[in-house]
Each structure stands twice: as structure tokens, then as C-alpha cells.
Amino acid sequence: MDYRFHNHKCDIGISNYDGTVIVSHSGCEMGQGINTKVAQAISLGIGAPIQNIEFEHSSTNRHPAAGFTGTSTTTGICVKAANKACAILNERLGDLKNSR
């Protein structure tokens, strides 16, 4: 599932092999905690253990024209995109999640 917010994007994929949640977002982790905050949002959003969340490296091949990573603004925007992607994912997987 992917969602774009203010030209920033968050992609969430779930491995059917072991349930690992694979995340890619348009921000650049450089010590400001963007990956930690996005992982926390996804963990709460879809109920996945935080230790099962892995991040792909930031790349303009995957998220072109996303703009720059600046201060904590990009962190908040990527968290917002992750929250929305989780909501869409929960909606699509609703019946499956409710059956367990």
C-alpha cells in the first residue's frame, strides 16, 4: 500500500513468507528519528510488532521528486503518510484481519 502526502510518500508491503513489514518512505534518515517514528506509527496502525518492521534505503528511483528532508517537518509528513497508508491497508484487509 502506498500513500502520497504533500509530495512525500510511504509504501508498506507485508511479506507473505514471514509477515515482515517492509517500508519505504521519501524521507532521508540522518539521525532525526524518522524511521523510528514511522515504525511506531505503522506498528500502532496495523498492529505489527515493531521488531518485524524493516526499512528500505531512501532512493529517488523509488520516490522521485519528493522534495528535500528538512528539520522535523519531513518526519511528521512521512508519519502522516504512513498513518494514511495503514488506514487504507486496514480497510482492504478488514475481513481477513477480523477473521483471526
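Every value quoted in this text rests on a predicted model; they were computed, and no experiment measured them.
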S.K.: Do the side chain of Asn90 and the main chain of Gly45 share a donor and acceptor less than 3.5 angstrom apart?
M.R.: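 Yes, the answer is positive, given that a donor and an acceptor are paired below the 3.5 Å cut-off.
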S.K.: Please identify each residue that fulfils side chain to side chain donor-acceptor pair (under 3.5 Å) with Ser58, with sequence neighbours left out.
M.R.: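 In terms of side chain to side chain donor-acceptor pair (under 3.5 Å), with neighbours along the sequence ignored, Ser58 is linked to no residue.
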S.K.: Which heavy atom in Ser26 sits nearest to a heavy atom in Cys78, and how many Å separate them?
M.R.: OG-SG, 4.1 Å
S.K.: Between side-chain atoms of residues 46-54 and protein atoms elsewhere (two or more places apart, or another chain), which donor-acceptor pairs fall under 3.5 Å?
M.R.:
none

S.K.: Show the atom names and distances, to 0.1 Å, of all donor-acceptor pairs under 3.5 Å that link a side chain in residues 29-41 to residues at least two apart or in another chain.
M.R.:
residue: Glu29; atom: OE1; partner: Ile34; partner atom: N; Å: 3.0
residue: Glu29; atom: OE1; partner: Asn35; partner atom: N; Å: 2.9
residue: Glu29; atom: OE2; partner: Gly31; partner atom: N; Å: 2.8
residue: Glu29; atom: OE2; partner: Gln32; partner atom: N; Å: 3.3
residue: Glu29; atom: OE2; partner: Gly33; partner atom: N; Å: 3.3
residue: Gln32; atom: OE1; partner: Met30; partner atom: N; Å: 2.8
residue: Gln32; atom: NE2; partner: Cys28; partner atom: O; Å: 3.0
residue: Asn35; atom: OD1; partner: His25; partner atom: NE2; Å: 2.7

S.K.: What closest approach, in Å, do Gly27 and Thr74 show between heavy atoms, and which atom pair accounts for it?
M.R.: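 Looks like CA-CG2, 3.9 Å.
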S.K.: Please output the side-chain donor-acceptor pairs of residues 14-24 that fall under 3.5 Å, not counting sequence neighbours, one pair per line with the distance.
M.R.:
residue: Ser15; atom: OG; partner: Tyr17; partner atom: N; Å: 3.1
residue: Ser15; atom: OG; partner: Asp18; partner atom: OD1; Å: 3.4
residue: Asp18; atom: OD1; partner: Thr20; partner atom: N; Å: 3.0
residue: Asp18; atom: OD1; partner: Thr20; partner atom: OG1; Å: 2.7
residue: Asp18; atom: OD2; partner: Thr20; partner atom: OG1; Å: 3.0
residue: Ser24; atom: OG; partner: Arg62; partner atom: NE; Å: 3.3
residue: Ser24; atom: OG; partner: His63; partner atom: NE2; Å: 2.8

S.K.: Kindly work out whether a path of hydrophobic side-chain contacts (I/L/V/M/F/W/Y, heavy atoms less than 4.5 Å apart) joins Val79 to Leu44.
M.R.: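 Each belongs to a different hydrophobic cluster.
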